[in-house]
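Take a look at the structure below.
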Amino acid sequence: MSGMDSISPEEIDRAYEKYKKDAVAGGYNINPDAEFTKNLISGLLVNQSRYGYPTCPCRLAMGNKGDDLDIICPCDYRDGDVVKYGACYCALYISQAALEGRQPLQSIPESRPPRAERKKREAPAVDLNWNRLTLPVWRCKVCGYLCARDGPPEVCPICKAKKERFERFI
Ligand code: SF4
């Protein structure tokens, strides 16, 4: 690991508190195992310093934002995996049922499709020629939040994903 990648324990603690706060504010839970979670957050910070954006610590990034966008944490697969398996692929986020011990945590399969398939899916989710609308509708690819406004918000108010994770829905 290069010097650039060494992250101080204070930075990890600060980021950990922020992830915790944002998760609660958005109705999510981060893994209550603080040591495990801080390890993942340290991986996110390393990736942030390496690539300029925090890619998933459990997946291999390409180092090119266009290819990595769907695995910038929170990834596009988080919500589906939390519902289905009780946790995201890394188990940084877990379901309420898993938190309360009602949903046993198992190993989580990779939900990210292969690259060729991802490229095919880049087409907008719907293609309506709906000219009654006076404003475009934007959809957060992470949590599905929709809003009608001139442009996507800087940060998703629900899951805190950045503007670049929005797609034009209608
Ligand atoms: S939400 Fe996605 S990107 Fe973030 S830690 Fe979990 S699996 Fe990785």
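Note that ligands are numbered from 1 as they come in the structure, with each ligand's atoms numbered from 1 the same way.
Residue Cys75 counts as close to atom 2 (Fe) of ligand 1, with an N, O or S atom under 2.8 Å. At a cut-off of 2.8 Å, Cys56 coordinates atom 8 (Fe) of ligand 1 through an N, O or S atom.
Under 4.0 Å from ligand 1, the heavy atoms of Tyr93 that appear belong solely to its side chain.
Put simply, the side chain of Leu92 does not reach to within 4.5 Å of the side chain of Arg78, judged on heavy atoms. No side-chain heavy atom of Tyr51 sits under 4.5 Å from any side-chain heavy atom of Asn64. No side-chain heavy atom of Cys88 sits under 4.5 Å from any side-chain heavy atom of Cys75.
Annotation for ligand 1: atoms under 4.0 Å from non-hydrogen atoms of Arg59 are 2 (Fe), 7 (S). Ligand-side atoms of ligand 1 in range of Cys90: 5 (S), 7 (S), 8 (Fe), range being under 4.0 angstrom from any heavy atom. For ligand 1, the atoms lying closer than 4.0 Å to a non-hydrogen atom of Leu92 are 5 (S).
In terms of protein heavy atoms, atom 6 (Fe) of ligand 1 is closest to Cys88 SG, 2.4 Å. The nearest protein atom to atom 4 (Fe) of ligand 1, hydrogens excluded, is given as Cys73 SG, 2.4 Å; this is a heavy-atom distance.
Remark: Glu35 CD is loosely packed, at most 12 non-hydrogen atoms of other residues, nucleotides or ligands lying under 6.0 Å away.
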Practice item. Show your reasoning for whether disulfide (SG to SG under 2.5 Å) applies to Cys140 and Cys159. Key: CA-CA 9 Å; Cys140 173; Cys159 72; 3.7 Å; no
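Ion pair Lys141/Asp79 not flagged as a salt bridge, since none of the NZ, NE, NH1 or NH2 atoms sits closer than 4.0 Å to an Asp/Glu carboxylate oxygen.
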